[in-house]
Amino acid sequence: GDMARNLLNVEPSHEFEGRKDTEPDEHRAQRLTEEADLALLLVEPARSAMRSAGVESVFDDIELPLAPILAEMERTGIAVNVSALKGLSDGFDQAIRDVEAVVHSLAGEKFNIASPKQLQAVLFDKMGLKAGRKTKSGYSTDSTALEQVAAEMVSNGQDPAIVAGILEFRELTKLKATYTDALLNLVDPNTGRVHTTFNQTVAATGRLSSSDPNLQNIPVRTGIGRKIRRAFIPGPGKVLLSADYSQIELRVLAHYTEDPELLRAFREDEDIHRITASRIFGVPEDAVTPDQRRDAKTVNFAVLYGQSDFGLSAQLKIPRAEAKRYIEQYFERFPSVKDYIARTVVEARETGFVRTLSGRRRPVPEVNDRNFNIRNFGERAAVNSPIQGTAADIIKVAMIRLREELRKLGDPAVMLLQVHDELVLEVPPEQLESMSHLLREVMENAWPLNAPLKVDVKHGENWDEMA
DNA sequence: ACGATCACGTA
DNA sequence: AACGTACGTGATCGTG
């Protein structure tokens, strides 16, 4: 629609945006006919636009060959254990009722815990608990705010049970509504499989996105959430095979910065978070404590995303001055990272966009905005996009090469999912060994960087066993 | 029925 | 645009 307006000066008679799953057949036929017609008319103008932007090879060598692979993955789908999901849904339902009753009892009244507005009224007005951060329409009740309320209660000698109950209610209702129930509604009753849509033109950085259902945000962090992941299974007589890039974004950072310390660490396959901890805390590597390593890991990501001392202090629950020291120490020890950030921002300011290794462009007009906050947002996006986008380029190229290798071998395995740094395949057990080897080779060699790429391969009878 | 808001799941 | 990037989805609640 936008391309027709911009390049052809034509106003499409049908709406191209919005969800199409409830569209009447006649309307769909009309719309698709017009889309096909406009697509043909757009070939030459789009080609010219891509040539001027220097992104023809991104289109020809990455996005175009990737499209049929994604279509194939969507058509294949992934099997789910329907009875396990139903069991989970029922279990969640009972647990929600139980915790709901507890919360209502502790509050001394019935109310809708899922309504932030009602929740605020109960916690901050009726019970008189100390409110923290504000939102547009009142006080925040998100998990961070509630954790702080609980901590405050404990230090005042109060029982924080109601807060714990609310957080448990949130986790359970989230899992039931967004995952078990939504997934059950989207299982093809004939095949027992779910078929996502991989969106190729949504994310500004070049990542894919997944929708209806989103299979790129299936829970993995909590024990209860992982029960949902356990319901994703191989088809009959098959095994799931998963390969994920180890710390790909930090390796891309090492590539761009050419930082000698980062490059050495990755070339010698050392523990990068331990190295960072050693440098920012000024201790020998073998003296790094688990807590220091965990905080260093947070600092590594903070740098990648351009986090401020304010944000880092909140995340690590340390004073702002201390967070500031960590960041300063980081840049002192890894000066080439500081240089990289500076020159990327300059490039963005001068050209209005940044590029990934493949030449993919992300416009960042915000970097020249007069508003401080908008400008800062643009600078963070400008620094992060080449990193995130290059990682996206690499896994896309790996998918294209992998598909080609599989074809040569007579399709002994099929790709099911891509989750940004992970590929999930379905393979006959007798092919496990050869496919694991192939997957690692193709992914690790998809694109040569100054720092080596590392891939971990796992297999299992469900998607959780491999996490 | 729709959109804004809040919240929260993933990399 | 909101003191960390990139996404998608669901419930609530106000508006139409």
Side-chain angles (χ1 to χ4, degrees), chain A residues 18-19 22 111-120 133-146 166-167 169-183 185-186 196-199 202-222 224-226 228-229 244-245 247-249 298-316 320 323-324 327 354 362 364-366 369 371-389 391-392 395 417-422 463 467:
Chain A
R19 294 171 84 99
T22 57
F111 68 101
N112 187 348
I113 309 170
S115 164
K117 194 177 165 189
Q118 294 182 38
L119 193 55
Q120 282 172 61
R133 189 169 56 86
K134 282 200 245 178
T135 66
K136 285 176 186 173
S137 55
Y139 291 102
S140 173
T141 66
D142 69 15
S143 59
T144 308
L146 291 181
I166 293 161
L167 289 169
F169 174 89
R170 285 255 179 83
E171 180 179 18
L172 293 166
T173 52
K174 175 79 176 179
L175 294 176
K176 180 170 167 20
T178 309
Y179 298 104
T180 55
D181 292 355
L183 233 28
N185 282 325
L186 288 170
T196 186
T197 299
F198 287 108
N199 309 297
V202 169
T205 54
R207 274 190 175 183
L208 299 177
S209 79
S210 160
S211 57
D212 308 295
N214 180 357
L215 295 184
Q216 291 180 324
N217 74 341
I218 300 302
V220 70
R221 287 173 196 180
T222 70
I224 181 136
R226 289 173 72 141
I228 289 164
R229 196 165 270 243
D244 66 282
Y245 282 107
Q247 290 151 357
I248 188 168
E249 294 197 357
T298 303
V299 172
N300 272 329
F301 287 108
V303 168
L304 224 47
Y305 304 146
Q307 195 172 40
S308 67
D309 54 2
F310 177 93
L312 185 63
S313 77
Q315 191 169 347
L316 292 180
R320 194 164 167 175
K324 189 159 180 281
I327 294 171
V354 291
R362 156 123 195 219
V364 272
E366 299 93 340
D369 200 283
N371 180 303
F372 174 82
N373 289 315
I374 296 174
R375 195 167 62 246
N376 279 347
F377 167 78
E379 291 178 358
R380 291 192 297 271
V383 170
N384 179 256
S385 290
I387 312 269
Q388 189 184 116
I395 194 168
L417 302 174
Q418 187 254 46
V419 191
H420 309 306
D421 65 356
E422 174 187 19
W463 196 9

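Chain identifiers are assigned alphabetically (A, B, ...) following the order of the sequence lines, protein sequences preceding nucleic acid strands; residue numbering begins at 1 within each chain.
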Looking only at side-chain N and O atoms, does [X] come under 4.0 Å of OP1 or OP2 in [N]?
X       : N       : value
S140(A) : dA7(B)  : yes
S115(A) : dC13(C) : yes
Q216(A) : dA6(C)  : no
S137(A) : dT5(B)  : no
S209(A) : dG8(C)  : yes
N112(A) : dT12(C) : yes
T178(A) : dG8(C)  : no
S143(A) : dC8(B)  : yes

Grab the [atom1]-[atom2] distance between [X] and [N] for me, whole Å please.
X       : N       : atom1 : atom2 : answer
E249(A) : dT10(B) : CD    : P     : 16 Å
N300(A) : dA11(B) : CG    : C1'   : 16 Å
F111(A) : dA11(C) : CZ    : P     : 18 Å
E171(A) : dG10(C) : CD    : C1'   : 16 Å
Q307(A) : dA2(C)  : CD    : P     : 15 Å
L119(A) : dT5(B)  : CG    : C1'   : 15 Å
I387(A) : dA11(B) : CD1   : C1'   : 15 Å
D421(A) : dT5(C)  : CG    : C1'   : 14 Å

[X] side chain, from C-beta outward: closest of [options]:
X       : options                  : value
N373(A) : dA2(C), dA11(C), dG4(C)  : dA2(C)
R221(A) : dA11(B), dT12(C), dA7(B) : dA11(B)
R380(A) : dA6(C), dG4(C), dG8(C)   : dG4(C)
P219(A) : dC6(B), dT5(C), dG9(B)   : dG9(B)
T205(A) : dA6(C), dA7(B), dT5(C)   : dA6(C)
K174(A) : dT9(C), dT5(C), dA2(C)   : dT9(C)
Y179(A) : dA7(B), dG9(B), dT10(B)  : dG9(B)
T141(A) : dC6(B), dT10(B), dC13(C) : dC6(B)
S308(A) : dT5(C), dA1(C), dC3(C)   : dC3(C)
R170(A) : dT12(C), dA7(B), dC7(C)  : dA7(B)

Within the 4.0 Å heavy-atom criterion, would you say [X] contacts the bases, only the backbone, or no part of the nucleic acid?
X       : value
V383(A) : nothing
R362(A) : sugar-phosphate
S210(A) : sugar-phosphate
A381(A) : sugar-phosphate
A392(A) : nothing
L175(A) : nothing
A391(A) : nothing

Sole residue of R170(A), Q118(A), Q120(A), K117(A) in side chain to side chain donor-acceptor pair (under 3.5 Å) with T141(A):
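It is R170(A), the one option of R170(A), Q118(A), Q120(A), K117(A) that forms the side chain to side chain donor-acceptor pair (under 3.5 Å) with T141(A).
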Pairwise [atom1] distance, [M] and [N] [rounded to whole Å]:
N       : M       : atom1 : answer
dA1(C)  : dA4(B)  : C1'   : 15 Å
dT12(C) : dG16(C) : P     : 22 Å
dC7(C)  : dA2(C)  : P     : 13 Å
dG4(C)  : dG3(B)  : C1'   : 27 Å

Looking only at N and O atoms, is any donor in the side chain of Q388(A) or the base of dT5(C) less than 3.5 Å from an acceptor on the other one?
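Pair found.
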4.5 Å side-chain heavy-atom contact, [X] and [Y]:
X       : Y       : result
L312(A) : F310(A) : no
L175(A) : T180(A) : no
N217(A) : Y179(A) : yes
F169(A) : L119(A) : no

Check: protein-nucleotides 14-16 of chain C nitrogen or oxygen pairs below 3.5 Å:
| from | atom 1 | to | atom 2 | distance (Å) |
| --- | --- | --- | --- | --- |
| dG14(C) | OP1 | K117(A) | NZ | 2.9 |

When you measure from the side chain of [X] to the backbone N and O of [Y], does any donor-acceptor pair fall under 3.5 Å?
X       : Y       : value
R362(A) : P386(A) : no
S140(A) : K134(A) : no
N185(A) : D181(A) : yes
R229(A) : P219(A) : yes

So how far is it from R133(A) CZ to T144(A) OG1, rounded to the nearest 0.5 Å?
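Answer for the CZ-OG1 pair, R133(A) versus T144(A), is 6.5 Å.
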Who pairs with dG4(C) - Watson-Crick or G-U, where each distance is under 3.5 Å:
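Result: none.
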dA7(B): pairing nucleotide in any strand, Watson-Crick or G-U under 3.5 angstrom:
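WC or wobble partner is dT9(C).
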By nearest heavy atom, map N384(A) and Q118(A) onto DNA chain C; which one lands nearer the 5' end?
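Nearest-nucleotide comparison on DNA chain C picks N384(A).
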Hey, which of these two, K136(A) or N214(A), hits DNA chain C nearer its 5' end, going by closest nucleotide?
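On the 5' side of the pair lies K136(A).
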Check: T205(A)/Q388(A) side-chain N/O donor and acceptor closer than 3.5 Å:
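There is such a pair (donor and acceptor under 3.5 Å, judged by atom type) between the side chains of T205(A) and Q388(A).
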